[in-house]
Amino acid sequence: MSLILPDPFIEQMRRQLQEEADAFFRSYQQPRTHGLRFHMHKLSSTSPSLQKQLVELFDLTPVPWCSTGYYYPEQSRPGKHPLHAAGAYYIQEPSAMSAVELLGPEPGDVILDLAAAPGGKSTHIADKLQGQGLLIANEIHPARAKILSENIERMGIANAIVVCAAPQQLADRFPRFFDKMMIDAPCSGEGMFRKDPNAIHEWSPSHVEMCAARQLDILRAAVTMLKPGGRLAYSTCTFNELENEQTVAALLTGFPNLRLLRTERIWPHRKQGEGHFVAVLAMEPDGEPSTGQDGCSEKAIRDKGAPAKSKRNAKPEQEAMRLFARLADTIGGAGFMAGLQHALGDGEPLLFGDQLYWLPSGPAGSLHPELLRGLKVLRPGLHLAGIKKDRAEPSHALALALRGALAELPPRLALTAGLAERYLRGETLEADGAPNGWTLATLAGLPLGWGKVSGGTFKNHYPKGLRWP
Ligand code: SAM
């Protein structure tokens, strides 16, 4: 493989890397690396042997800086396996896994992923949250936000809200709100050259400068959303110092309370990965009450001009929840609804048109629904069901969010990998002897989606837009 690199890029990297530059340029003759990350929130609820099977099936070897990350050889093609559709793992470039490891999300944190599509860092953060706490995953570009939302659904994440907003729009309504933030900024993509040679054509010194200016704008808006004592990770997949160390230095000059904790770089000539830069910064605890807690009180919301009353217990929502509870009873018996409510935790039902969601309220009720008003929200928590006139139909997101004992309550059609592929293509399957009604299609204990059994036939309800060709 031989890539033609722009002369100014070669000069820039020679200046930056000095005697290491030749080794760096030689890495462009090597094939790119491929990686995937186990999604433990799902895998930990299945037999431990499944992880071993995945390691053998895809010939996986561990990524040193991420305990759930693995390299795979290109020919393994894990993205084409039905367990990918079940959310067992996320395909992610290995060096990109370092960012969330360094951010260190913990269960119960309130986290913002500001530039989140397609969802590599968001799904990694959600895995570390283990269903506790809250993730707001934001993407400014609508088409990319849709892909992000689909990935949040595929990984069965219930405590995430997917929004499509500019950083300043979020900064205006979430001052000092988040415990942790991920800012995986748009960059000149010098670490993408092996993966996507088009990135080489888009590269120029002026593009690097434009990216650095944009990164600083994004970071300046982001920092205002960090709680005192909070922490943020800034990352890029580019090598130049202007977009990395110098951007961080420029940010620090404007925020005396912000402290640089560490920076890390993964270089393709030193480690097995395409390359990444991560800086971890912390906001000093300043002793003042954080708006992250106070800002969500009824009073604070009134002061911001939003109506004080939540839509909690609004009638249409109550009626939709009644229909959903009836459906849940039919699907999984008396314990299913109670188990679901326990798993989902505090929150409230929310109707988006005829679609019912469970909007998480965040730790200590920090996410007042009014905070989302006027924002473009693609996924306000877990999508539970579609509401028809007098009944509810289970959503695809609900199937994928079921895990452990909860996934064992509905009737299941356990598929082989071959049958799972047929299910994902939308085919009708046989279900001899199975009771009529909503049934979960599963593979290796993980839900793939719903079907409806009638007279020994399993009618496919895998969403049309997601079906395999
Ligand atoms: N974090 C993602 C992941 O791990 O899958 C990758 C994010 S990518 C490096 C950067 C994202 O920033 C892109 O999705 C891009 O659309 C978004 N973006 C572009 N301009 C932006 C801006 N001005 N503010 C915020 N995000 C922006």
Side-chain angles (χ1 to χ4, degrees), residues 35-37 39 63 66 68-69 79 89-103 105 111-128 135-155 157 160 162-172 174 180-193 195-196 198-199 202-203 207-225 232-239 243-244 247 251 266 273-279 375-376 378:
L36 63 78
R37 197 171 27 73
H39 191 56
V63 171
C66 175
T68 51
Y89 47 84
Y90 188 96
I91 308 282
Q92 188 177 29
E93 193 283 302
S95 45
M97 298 171 188
S98 59
V100 171
E101 291 297 326
L102 290 168
L103 177 63
I111 302 189
L112 172 66
D113 185 359
L114 186 54
K121 314 279 185 315
S122 275
T123 55
H124 196 176
I125 291 168
D127 205 17
K128 293 207 177 264
L135 167 67
I136 297 193
N138 175 63
E139 166 57 42
I140 193 168
H141 289 300
R144 289 177 61 82
K146 191 166 171 281
I147 297 167
L148 167 68
S149 184
E150 284 173 5
N151 280 327
I152 294 284
E153 177 178 81
R154 180 169 60 85
M155 306 314 280
I157 297 163
V162 180
V163 298
C164 176
Q168 191 55 50
Q169 243 183 311
L170 296 179
D172 289 343
F174 294 107
K180 289 177 186 148
M181 295 198 301
M182 182 75 236
I183 294 104
D184 187 30
C187 68
S188 61
E190 293 161 355
M192 298 285 283
F193 288 179
K195 189 175 161 189
D196 173 16
N198 278 334
E202 282 165 25
W203 189 93
H207 189 228
V208 168
E209 279 169 28
M210 186 281 281
C211 287
R214 181 170 60 185
Q215 287 150 357
L216 195 54
D217 282 349
I218 293 173
L219 279 168
R220 283 181 174 147
V223 162
T224 63
M225 290 186 267
L232 81 80
Y234 167 68
S235 73
T236 74
C237 61
T238 211
F239 301 120
E243 293 179 67
N244 294 321
T247 293
L251 176 71
I266 291 176
E274 298 308 285
H276 225 69
F277 169 87
V278 186
L375 272 188
K376 188 168 175 204
L378 283 86

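For the numbers below, each heavy atom of this structure counts, side chains included, while hydrogens, waters and symmetry mates do not. Bear in mind that the values here come from a model prediction, so they are computed numbers and not experimental data. Both counts, for ligands and for their atoms, begin at 1 and track the order of listing.
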(Q) Please evaluate residues Gln215 and Thr236 with respect to the criterion side chain to side chain donor-acceptor pair (under 3.5 Å), reporting the C-alpha separation (whole Å), side-chain torsions for both, the decisive distance (0.1 Å), and the verdict. (A) CA-CA 10 Å; Gln215 287 150 357; Thr236 74; 5.8 Å; no
**Q.** Note, Phe239 side chain near Asn244 side chain (heavy atom, < 4.5 Å)
**A.** no
**Q.** Short N-O contact, Lys121 and Asp184, less than 4.0 angstrom
**A.** yes
Provide, line by line, the atom pairs where ligand 1 and the protein bring an N/O atom each to a distance under 3.5 Å; else say none.
| residue | atom | partner | partner atom | Å |
| --- | --- | --- | --- | --- |
| ligand 1 | 1 (N) | Ala115 | O | 2.9 |
| ligand 1 | 1 (N) | Asp184 | OD2 | 2.8 |
| ligand 1 | 4 (O) | Lys121 | N | 3.1 |
| ligand 1 | 4 (O) | Lys121 | NZ | 3.2 |
| ligand 1 | 5 (O) | Pro118 | N | 3.4 |
| ligand 1 | 5 (O) | Gly119 | N | 3.1 |
| ligand 1 | 5 (O) | Gly120 | N | 2.8 |
| ligand 1 | 14 (O) | Ala117 | O | 3.4 |
| ligand 1 | 14 (O) | Glu139 | OE1 | 2.6 |
| ligand 1 | 14 (O) | Glu139 | OE2 | 3.3 |
| ligand 1 | 14 (O) | Arg144 | NE | 2.7 |
| ligand 1 | 14 (O) | Arg144 | NH2 | 2.8 |
| ligand 1 | 16 (O) | Glu139 | OE2 | 2.6 |
| ligand 1 | 16 (O) | Arg144 | NE | 3.4 |

**Q.** Ion pair Lys128/Glu101, N-O distance below 4.0 Å
**A.** yes
Q: Please step through side chain to side chain contact (heavy atoms under 4.5 Å, CB included) for the pair Phe174 and Leu112, ending with a clear verdict.
A: CA-CA 10 Å; Phe174 294 107; Leu112 172 66; over 6 Å; no
Q. Does Glu93 have any salt bridge (Lys or Arg N to Asp or Glu O under 4.0 Å) partners at least two apart in sequence or in another chain, and if so, which?
A. none
